[in-house]
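Take a look at the structure set out below.
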There are 2 protein chains.
Amino acid sequence: MVVYAGQGDPEKTLALLWRVPVDEGARTAPGPKPGLTVDAIVDAAIAVADAGTMDGLSMRAVGERLGRTAMSLYTYVPSKRELVDLMYDQAHAETPAEHDLSGGWRAAAESWAHGLRALYLRHPWLLQVSHARPVLGPHEQGVLEAVLRILDAAGLEPVAVRPAVGSLFSLVRGSAQAAAEARSAAGTTGTPDREWWTLRAGLLHRLVPDFADRFPLSARLSAQAPPSAGPEPRWEREAREAFTGGLAILLDGIESRTRPPGGSGTVIL
Amino acid sequence: MVVYAGQGDPEKTLALLWRVPVDEGARTAPGPKPGLTVDAIVDAAIAVADAGTMDGLSMRAVGERLGRTAMSLYTYVPSKRELVDLMYDQAHAETPAEHDLSGGWRAAAESWAHGLRALYLRHPWLLQVSHARPVLGPHEQGVLEAVLRILDAAGLEPVAVRPAVGSLFSLVRGSAQAAAEARSAAGTTGTPDREWWTLRAGLLHRLVPDFADRFPLSARLSAQAPPSAGPEPRWEREAREAFTGGLAILLDGIESRTRPPGGSGTVIL
DNA sequence: AGAAATAGCTTATGCCATAAAGAGATGAGA
DNA sequence: TCTCATCTCTTTATGGCATAAGCTATTTCT
């Protein structure tokens, strides 16, 4: 199931995301001191999600990790939706905000993309949070700002900026999703990856004998896959190679829309 | 929540997907005649998902649409997971399998991409089914085969085929997700789109006064957005333009990896 | 007619988010 | 010092979900 982000009360969500300080009149209020913080809850929730998939993320599970009941979390977070938003943004804090442009914009773009992909692979549940809505919090915004800086340095023509950004995000997410699935398939079934694939291929061949006739190009494509070599699982390597290849294709397209370097240093946006 | 596909018993799933005829010895079995078919259930489930999001897809809801209880569906489908797989594949039957190559591979690729994107927008729940696993059923396979035919005609060099296919799928899915979100945001809040955005922008400006200082390029990017013109919502148009732009960038990159036309007619894969 | 097999029903289990209401702690003002 | 409003956290309840288990009624074969 996809968790759709940004569905809660927008004001509360934004205030939490940007950690807008609560009205300080309530500072010396009576009552017990809060035993938890939003950050502690978010960290616990991330730990729970990291340990399984998004399905395992229940308020109960998060509460248990903190030695509380599920309900106690609602004191800090209006609902699970807001919590997911907070988790999503917090995870993006892990990725570097600055990218070295001294090696050229292209190297920086590759670094950005690989860094983001690595983040998604460290926290695959991020891919289960729909990315299909505008900015949420400061850290996600930082990732966007980082890629904008790179494209700015590249001198990309203004009308191409939005499409380029969207394509880069889509590519990174799509590739990470494929790689994450490869891992989870290997992990779930216990079969170390090659067997998983041969199992499917064998089944398909038995159940659909005319597959190669109906889908000749697909059949050739899967037959053409190189044998697994080295310790890295085959699926994972294929996913990574498809990513670097796709990234190269996309960056070529972007490059053709940049002003030649050495021009005026005008900011393009 | 994301529904991860392909998690059930692989043999049963594949047999259902490819509608492998059941062992015909069981044809004249005793017992009441089946009152439903797998196809009827899949169609009903698609209708339920179309009417809401994936969250509204419960076995109960599907059963009710067919005048049955939730449990009766389990006679035909092993679990909800298999049902989701079947829905996913069935929906892909809507997209054309053949693409006219007489206008050149590039026009065909655009037609393929726009057709797939339109499918995702007709059935936004498709985007909530993780695409991160290899081929499932015949119709999804047909979509893959179609794009392979196009890239084959383009004379794309073999090593670039996988990356290109992956990038194209990622781009289409990513763009469709953005557009689907734009629609659902407009639909959910009732605000016709422009207001939704200005609400967020205003909130952000109030809660985070230093936004433009911290994220100058992001701020400029959103300020630079052209005003809404015509009946089409602004978000939707932006999403579409980002898509066509991204597609153009990607196809440029692909084109640079093709053999010049007029070469030998060798199949490349 | 009787036996066997099967579709679809009811019921039960154990999850889930979260509403509602209460218990206990704490600090401010009297 | 006492009182009470306020706050955290708990317990309990509600209504949802997938699906396991067992039942009933129907159909066909012997």
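All of these numbers come straight from a predicted model, not from anything done at the bench. Lettering follows sequence order; numbering is per chain, from 1. Both backbone and side-chain heavy atoms feed into the values below; hydrogens, waters and symmetry mates do not.
As rounded to whole Å, 16 Å separates atom P of C:dC15 from atom CG of A:Leu57. Taking atom CG of B:Leu66 as the reference point, atom P of C:dA7 lies 16 Å away to the nearest angstrom. Atom CG of B:Leu73 and atom C1' of C:dT10 are 15 Å apart (whole Å). In this structure, A:Leu36 atom CG and D:dC7 atom P are separated by 17 Å, rounded to whole Å. Look at CD on A:Glu64: it is 12 Å from P on C:dA17, rounded to the nearest Å. Look at CE on A:Met54: it is 11 Å from P on C:dA17, rounded to the nearest Å. Residue B:Met59 contributes atom CE, which lies 11 Å from atom P of D:dA20 at whole-angstrom precision. Remark: P of D:dT6 and NZ of A:Lys33 are 19 Å apart, rounded to the nearest angstrom.
Side chain of B:Arg19 to main chain of B:Leu16: a donor-acceptor pair is present (N/O by atom type, distance under 3.5 Å, no hydrogens or angles). In this structure, A:Glu145 contributes its side chain and B:Ser218 its backbone to a donor-acceptor pair below 3.5 Å.
Closest to the side chain of B:Pro30, from the set C:dA17, C:dC9, D:dT28, is D:dT28. Comparing C:dA5, C:dT11, D:dC7 against the side chain of A:Pro32 picks out D:dC7 as the nearest. The A:Tyr76 side chain lies nearest to D:dC9 when the options are C:dC16, D:dA18, D:dC9. Taking every side-chain heavy atom of B:Arg68 into account, C:dC9 is the closest of C:dT18, C:dC9, D:dT28. Checking D:dA18, D:dC17, C:dA25 against every side-chain atom of B:Tyr74, the shortest atom distance belongs to D:dA18. When distances are taken from the side chain of B:Lys80 to each of D:dA18, D:dT8, C:dT11, the shortest belongs to D:dA18.
A:His123 and A:Glu94 are linked by a side-chain donor-acceptor pair at a separation below 3.5 angstrom, with hydrogens and angles left out of the test. A donor atom on one side chain and an acceptor atom on the other are not found under 3.5 Å apart for B:Ser170 and A:Arg173.
Mapping B:Gly31 and B:Met71 onto DNA chain C by nearest heavy atom places B:Gly31 closer to the 5' end of the strand.
Look at B:Arg60 and you won't find any side-chain N or O under 4.0 angstrom from OP1 or OP2 of D:dA18. Residue A:Thr69 has no polar side-chain atom (N or O) positioned under 4.0 Å from OP1 or OP2 of D:dC9. When the side-chain nitrogen and oxygen atoms of A:Thr75 are compared with OP1 and OP2 of D:dT8, none of them lie within a distance under 4.0 Å.
Counting any heavy atom pair closer than 4.0 Å across all strands shown, B:Ser72 reaches sugar-phosphate atoms only and no base atom.
We find that B:Arg122 and B:Asp50 are not joined by a salt bridge, their nearest charged nitrogen and carboxylate oxygen being 4.0 Å or further apart.
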